[in-house]
Amino acid sequence: MPEPVLDVAGLEAGYGHSRILRGVDLTVGPGEIVGLVGRNGSGRSTALKAMVGLLAPSGGSVRLGGREMAGRPAHAVVRAGLAYVPEDRQPFVNLTVAENLRLGLQPGPGRRWRVDEMFEFFPRLRERARTRAGVLSGGEQQMLALARSLLGGPRVILVDEPTEGLAPLIVARLVEVLRTVAAAGIGILLVEQRLTIVLDLATRIAVLGHGRVVHEGPPGDLRGDSAVTQRWLAVSGH
């Protein structure tokens, strides 16, 4: 097994006096899709924010390609090759799609993607290239957020709830693109509430509970372990 690109050890973080993460350990290898799942409130989004520098960790290590990222500002972490696609997508709403994509073009350490490749991934973005991002649909904004993050040349992408509220056809396209991105050697850490999608996409799944990883293994392990799903996952309706 190749050395992990992202190596998180003993990660602790929270908000004020509320301690959310209590020693999270996980790794993401090149070209690997790791699903990070758990009940609402288990700390999945908090973990991503702590890894990328939007939330200062109170303990632990976040190493990217062997370099320590914990405590560094978010812009420095992203430039080092750890991209982040937030749940609320956060486009520059007053700029066009094309302008958003141009802003994403950065000399990152990973694969150099081109804007025309993003248009091949998401033809709808080409059609909407001159449209302000603030009037895009939720699915179009999700496409834009993922495309913009790829243009920064990341080695690993943290993706938070990419399919929430989206139509099935858009979800299917996002899943296809994530597979293509992983096949290009980029690691993906995916937070996703729909367990069926994680089981289909991920090469490995980590389950968060009580601020720690309480189960880790290939999707088949989780499929066959009803005790883990019943205790740690909110699976109804997904």
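Only heavy atoms go into these numbers, but all of them, side chains included; no hydrogens, no water, no symmetry mates.
Checking R173, R132, R128 one by one against E140, the salt bridge (charged side-chain N to carboxylate O under 4.0 Å, His left out) holds for a single residue, R128.
The pair E117-R111 counts as a salt bridge, with a side-chain nitrogen and a carboxylate oxygen less than 4.0 angstrom apart. Ion pairing between E176 and R179 fails under the 4.0 Å rule for side-chain N and carboxylate O. One finds a salt bridge joining E161 and R44 here, because a Lys/Arg side-chain nitrogen approaches an Asp/Glu carboxylate oxygen to under 4.0 Å. Using a cutoff of 4.0 Å between basic side-chain nitrogens and carboxylate oxygens, E12 and R22 are not scored as salt-bridged.
Residues I20 and L189 are members of one and the same hydrophobic cluster, defined by side-chain heavy-atom contacts under 4.5 angstrom among Ile, Leu, Val, Met, Phe, Trp and Tyr. A continuous path of hydrophobic side-chain contacts links V85 to L125 [ILVMFWY only; heavy atoms under 4.5 Å]. Two different hydrophobic clusters hold V177 and V156 under the rule that ILVMFWY side chains link at heavy-atom gaps under 4.5 Å. There is a path of hydrophobic side-chain contacts, each under 4.5 Å, that joins L150 to L201. Tracing side-chain contacts under 4.5 Å through hydrophobic residues (I, L, V, M, F, W, Y), one reaches L195 starting from V207; they form part of the same cluster.
Of the possible donor and acceptor atoms, none in the side chain of Q106 sits under 3.5 Å from a partner among the backbone N and O of G108. A donor-acceptor pair under 3.5 Å is formed between the side chain of S42 and the backbone N or O of R39. In terms of modelled atom types and a separation under 3.5 Å, the side chain of R155 and the main chain of L82 share no donor-acceptor contact. Listed for the E216 side chain is no donor-acceptor partner under 3.5 Å among the backbone atoms of L26.
V191 has its side chain out of reach of E87: every pair of non-hydrogen atoms, C-beta onward, lies at least 4.5 Å apart. Side-chain contact between V24 and R212: absent, with no pair of heavy atoms (C-beta onward) separated by less than 4.5 Å. Residues L174 and Q142 form a side-chain contact, since some pair of their non-hydrogen atoms from C-beta on lies under 4.5 Å apart. Counting only heavy atoms from C-beta outward, the side chains of M69 and S61 never approach each other to under 4.5 Å. The shortest side-chain heavy-atom distance between P162 and L190 falls under the 4.5 Å cut-off. The shortest side-chain heavy-atom distance between P91 and N100 falls under the 4.5 Å cut-off. Contact annotation: the side chain of V115 approaches that of L151 to within less than 4.5 Å [non-hydrogen atoms, C-beta and beyond]. Contact of the L158 side chain with the L6 side chain is registered, since non-hydrogen atoms from C-beta on lie closer than 4.5 Å.
Judged by distance alone, the side chains of T27 and D7 never bring a donor and an acceptor atom under 3.5 Å apart.
Interatomic distance, CD1 of I33 versus CD1 of I188, reported as 4.5 Å (0.5 Å rounding). If you take OG on S45 and CG on L208, they are separated by 10.0 Å, rounding to the nearest 0.5 Å. In this structure, CG on L36 lies 6.5 Å from CG on L48, to the nearest 0.5 angstrom. We find the OH-CE distance between Y84 and M51 to be 11.0 Å, quoted to the nearest 0.5 Å. One finds the CG atom of D160 at 9.5 Å from the CD atom of E192 (value rounded to the nearest 0.5 Å). Note that CE of M118 and CZ of R148 are 13.5 Å apart. Values are rounded to the nearest 0.5 Å.
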How far apart are the C-alpha atoms of R194 and V171, what are their side-chain angles, what is the distance that settles it, and do they pass the side chain to side chain contact (heavy atoms under 4.5 Å, CB included) test?
CA-CA 11 Å; R194 299 189 201 184; V171 170; 4.1 Å; yes
Worked check of side chain to side chain contact (heavy atoms under 4.5 Å, CB included) between W113 and I186:
CA-CA 12 Å; W113 300 89; I186 297 173; 3.4 Å; yes
Checking L11 against V62 for the side chain to side chain contact (heavy atoms under 4.5 Å, CB included) test, could you report, in this order, the C-alpha distance in whole Å, the side-chain angles of both residues, the deciding distance, and whether it holds?
CA-CA 7 Å; L11 185 63; V62 179; 3.8 Å; yes
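Across all non-hydrogen atoms, the minimal contact from P219 to A202 is CG-O, 3.1 Å. Considering all non-hydrogen atoms of both residues, S149 and L146 come closest at OG-O, 2.7 Å. Among all heavy-atom pairs drawn from D25 and G10, the shortest one is OD1-N, 2.5 Å. In plain terms, the two heavy atoms of E32 and G29 that are nearest each other are OE1-N, 2.8 Å. When all heavy atoms of P109 and A80 are compared, the closest pair comes out as CG-O, 3.2 Å. Pairing each heavy atom of G139 with each of I170, the nearest pair is CA-CD1, 3.9 Å.
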